[in-house]
2 protein chains.
Amino acid sequence: MSAEYPSKQEQRRLQMSDIARLAGVSVSTVSRALSGSRLVNDETRQRITELARSLNYSINLGAQNLRLQKNNTVAVVVPFDAQSRQHISDPFFLSIVGAIADELTDRGIDMLLSRVDAERLDLAAQIIDSGKATGLLVIGQWRHHDQLNDMAARKLPVVVWGAQMPQQLYCNVGGDNRLGGDLATRHLLDAGRRHIAFLGDAELPEVMMRRAGYWDALERAGQPRTPGLELKAPFDVSSGRAAMERFFAEHRAIDGVVACSDLLALQAIQVLRSLDREVPADVAVCGYDDMPLAAYCDPPLTSVHQPVAQAGAQLVEQLMALLNGQTALPVTLPVHLVVRQSAP
Amino acid sequence: MSAEYPSKQEQRRLQMSDIARLAGVSVSTVSRALSGSRLVNDETRQRITELARSLNYSINLGAQNLRLQKNNTVAVVVPFDAQSRQHISDPFFLSIVGAIADELTDRGIDMLLSRVDAERLDLAAQIIDSGKATGLLVIGQWRHHDQLNDMAARKLPVVVWGAQMPQQLYCNVGGDNRLGGDLATRHLLDAGRRHIAFLGDAELPEVMMRRAGYWDALERAGQPRTPGLELKAPFDVSSGRAAMERFFAEHRAIDGVVACSDLLALQAIQVLRSLDREVPADVAVCGYDDMPLAAYCDPPLTSVHQPVAQAGAQLVEQLMALLNGQTALPVTLPVHLVVRQSAP
DNA sequence: TTGAAAGCGCTAACAC
DNA sequence: GTGTTAGCGCTTTCAA
C-alpha cells in the first residue's frame, strides 16, 4: 500500500569503480566501454555494457559534465508578476513551454524550467553563470527590454519570445505583432464596426506593436485614434476586472474589441454580457493567440493565430545557433486571423 | 544524441581561483567567504563577496554538487504516446506542470521537465540513476502501474499523479476518481437522464476508478450497466474522432454523457451537434478536470473539478518526504462537481 | 583566521 | 587493448 523507504540514508550510488571491480577491469576500460570506444575489446565491452545495464548503472552526469566541461541543459524562464504572485497559468505561455519541451526532448537536450520575477529578468543570468544551463529561453520581455539587452551584452546565450525592438542586442522570436493587430482591427472595420476598443498593456513590447497595427488599420480606414478607447489591461485576467467593467460601462458606443489575449477577450465578453451587450451582435470581439480551445468558447473566438509549435522550434533553433557560436537573427513568425463567431 | 557546445568565442568561465587571485587570498578562503562561513575575517568576506558579485561570478554548481554529493533538482516527467507522437498539450497536464513549477520554485528547487514514452515509464529511472535529479514526479500512470511499482521497489524516490491501485508500492497523489465519476453520473441521473454514456479508456487507472464511480451511481439508482454505452476514448482528443461519431450515431438513445476529460466532453459536444443532437436539451454532457476555461466553453461545461494547485503542492510535499527518508502515504484530493450549462 | 592538500566520479593523455 | 595518472571546480579536513 504505502511506499516504504529506508530511513535517512539512500544506499550508496553505484559508480564506475564498482562496475570495474565486478568486471575485473580498470575504470578506464569501463569508461571506454560505456562510451562505445573502439579501443576496447568487443567481448569486454559487451560484458561491461551488459553488467552496467543489469545493475541499472548510469554514468554520473555531474561528474562527466565537470570533466568534459560541457552541459546539455537549456533553461526556460517564465517571468511572473511578483506583486500579484501571479502563477504560471496563462494557457498560451504554458503551451509555448510545452512546445519548447517537445523540441528540446526531440533533440536530447535537458530542460530546466523556472519562474523569475518579471521585474528582475536579469536574475536569470545566474542560471548560466552557475553552470546550471548553457543557454536561456525567456518567455516574454515584459517591461525589461533593457535587462535583456544587458544580458546579451554580456554575451550570454539568450533567446527571447517577444517582439523585436529597436536597438535590440538579443535574439528574439515572436509573432508578427503589428500585422496581428492590424488584421484584427481591419476585420472589425470591414464588418462595419466604427468604435473599436483596444485591450492590452502597451508597456509590453508585444502589445505596443499590436497597438501600432491597430493604429495602422484605423488610419488606413480614415478613422481617428481615440485614446479613450484604449484600456491598459494586463495579459492575465486576474486583476483588471473592475477596471474593465468601468471601461465598458463608460463607453457604450464601443461596437468592436481588439483584445491582446484570448483570456482578455473572454473576460471582455463576460463583462459585456453583464452589461446587456450582446456578442457579436452589439459588440464584436477579437482575441489573440488562438489558443487550442478558442474554437470551443462561447461564442467561438475570432482570434489572431500564433504558431506555437513553430515558436518552440524556432526558439530552440536560434539558441542552438548562438551556442554554436553563430549569430542568431531575430525571427518573425507569420500570424493569421481565424474568423469565428465572436467577430464574424 | 548529446549536443556539444564548443565554446567558440565564449570567454573562459570565471572560477574560484580567479576570484582568489584577484582578491589576493586562497581558494579556500573564497569558498568560505561565499558560503558565509564565520571562519573568515568579516572585512575579507565583504571584499570577496563584493568582488564576486561585480564580476557576475557564481559558484559552479556542477562542481559543488559533485563535491557535496548533493543535488537540488527534481525531474517532472510527462508521459506521451510515442505512436501518435502526441505532444505535451492537454491543458490539464500542462496546468499540473505549471502548479508543480510554482511549488518547486517557491522551495528553491530546480525542475527538470521531460517527456517519456508512455509505454516505457521505467526509462525515467535513468534520470535518477544518472544523478540528473534526485527525485521524480510522474504525471499519470498510463498503462504501466507495473513499471512504476518496479521503480518503487528499487527505492527510487518517485511520486505519481494518478489513481491509487491495489498492491501499489509507490506513492501517488490523485483526485478522488471514484467519487468524481459518481458525482457526474448521479447528477445526470438526478436530472432524469436514463441512457448515460461513459467516455474514457478504462485501461488507465484513473479512468477505471471513474468508471467504478459511474457504476456505483447507476447501481444506486437501480439502473443497469450497459457495456455498449462505454466508449474507450483516449484522454487526448486527436485520434478518436471517427470512433466517437460512430458511437453516437449508433446509440441515439443516449441522453447523458460522462466524459473523462473536458477535452473529451468538448469533442463529444461537437460530434453530437453534427448529429443534430442538442446539448444539453437532448444530451447532457459532464466533463472532467474543470480546466480554467471550462466556464467559457460553449456551452459552459459542467465538470468535475480537480484541485490543480493542491495537486502540485502535494506531489512536491510527498516527494520531499521521501527524499527525507520518511514514508509517504498516498494522497487523495477532494473533487466536486461544478454545474454549468452543458448539464444543468 | 588562513592555506595546502585530498578527493567527489569521471575522462583522456600517456604508458605498457 | 588495457591500466596509470592527472585533473575538471569545488569543499573541507588538517596544519600553521
Side-chain angles (χ1 to χ4, degrees), chain A residues 9-49 51-52 55-72 128-134, chain B residues 2 4-7 10-49 52 55-72 126 128-134:
Chain A
Q9 52 91 21
E10 57 222 77
Q11 70 271 46
R12 195 179 64 81
R13 170 163 276 134
L14 217 50
Q15 53 192 68
M16 220 174 241
S17 55
D18 298 315
I19 308 291
R21 192 164 23 75
L22 264 36
V25 296
S26 75
V27 218
S28 354
T29 302
V30 176
S31 171
R32 285 192 273 253
L34 293 181
S35 70
S37 159
R38 329 202 109 285
L39 277 74
V40 63
N41 186 320
D42 271 4
E43 184 272 327
T44 321
R45 184 176 48 222
Q46 195 60 37
R47 194 160 45 86
I48 293 175
T49 315
L51 184 60
L55 294 175
N56 289 313
Y57 171 75
S58 256
I59 290 184
N60 180 321
L61 291 174
Q64 189 182 56
N65 286 343
L66 181 58
R67 175 63 232 230
L68 259 33
Q69 300 285 67
K70 71 167 197 193
N71 177 332
N72 197 28
I128 296 195
D129 292 331
S130 68
K132 273 190 211 175
T134 46
Chain B
S2 80
E4 289 187 29
Y5 308 139
S7 37
E10 193 176 337
Q11 70 281 39
R12 195 178 63 83
R13 171 164 275 134
L14 218 50
Q15 54 191 70
M16 220 173 242
S17 55
D18 298 315
I19 307 292
R21 193 166 19 78
L22 263 38
V25 296
S26 74
V27 226
S28 345
T29 302
V30 176
S31 172
R32 285 193 271 254
L34 293 180
S35 70
S37 160
R38 339 247 297 73
L39 278 77
V40 63
N41 187 319
D42 272 3
E43 184 270 328
T44 321
R45 183 174 50 221
Q46 195 61 36
R47 194 159 44 88
I48 293 176
T49 315
L55 295 175
N56 289 313
Y57 171 75
S58 258
I59 290 184
N60 179 320
L61 291 174
Q64 188 182 55
N65 287 343
L66 181 58
R67 174 64 231 231
L68 258 32
Q69 300 285 72
K70 68 163 200 199
N71 177 333
N72 197 27
Q126 211 262 344
I128 296 196
D129 293 332
S130 68
K132 274 191 209 174
T134 47

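Every chain is numbered from 1 and lettered A, B, ... according to where its sequence line falls, protein lines coming before strand lines. This structure is a prediction, so every number in the text was calculated from the model and none was measured.
One can place NZ of A:K70 at 9 Å from P of C:dA12, the figure rounded to the nearest angstrom. The CD-P distance, from B:Q15 to D:dG7, rounds to 14 Å in whole Å. One can place CZ of A:R21 at 17 Å from C1' of D:dG3, the figure rounded to the nearest angstrom. The CG atom of B:N71 sits 17 Å away from the P atom of D:dC10 (whole-angstrom rounding). Computed from coordinates, the B:Q46 CD to C:dT1 P distance equals 15 Å when rounded to whole Å. The separation between A:R47 atom CZ and D:dT2 atom P is 9 Å, rounded to whole Å. When rounded to the nearest whole Å, the span between CD1 of B:I59 and P of D:dC8 equals 18 Å. If you take CZ of A:R13 and C1' of C:dC8, they are 13 Å apart, rounded to a whole angstrom.
Listed candidates were C:dG3, C:dC8, C:dT2. Nearest to the side chain of B:L66 is C:dC8.
You'll find the side chain of A:R13 reaches within 4.5 Å of the side chain of B:I128, heavy atoms only. You'll find the side chain of A:R45 reaches within 4.5 Å of the side chain of A:D42, heavy atoms only.
Separation of atoms CG (B:L14) and CG (A:D129) is listed at 9.0 Å; rounding is to 0.5 Å. Rounded to the nearest 0.5 angstrom, A:D18 CG and A:Q15 CD are separated by 5.5 Å.
Note on A:T44: a side-chain N or O is less than 4.0 Å away from OP1 or OP2 of D:dT2. An OP1 or OP2 oxygen of D:dG9 is reached within less than 4.0 angstrom by a side-chain nitrogen or oxygen of A:Q69. Listed pair B:Q64 / D:dT11 meets the phosphate criterion, a side-chain N or O lying under 4.0 Å from OP1 or OP2. Between B:Y57 and the phosphate of D:dC10, there is a side-chain N or O to OP1/OP2 separation shorter than 4.0 Å.
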Write down the protein N/O and nucleotide N/O pairs, taken from nucleotides 12-15 of chain D, whose separation is under 3.5 Å; answer none if there are no such pairs.
none

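Inspection of the B:S28 and B:S31 side chains reveals no N or O donor paired with an N or O acceptor under 3.5 Å.
The C1' atoms of five pairs define one axis at each end of the helix from C:dT1-D:dA16 to C:dC16-D:dG1, and these two axes lie 40° apart (to 10°).
Heavy-atom nearest nucleotides on DNA chain C were determined for B:A63 and for B:L39, and the one closer to the 5' end corresponds to B:L39.
If you check every strand for non-hydrogen atoms under 4.0 Å, B:L61 touches nothing.
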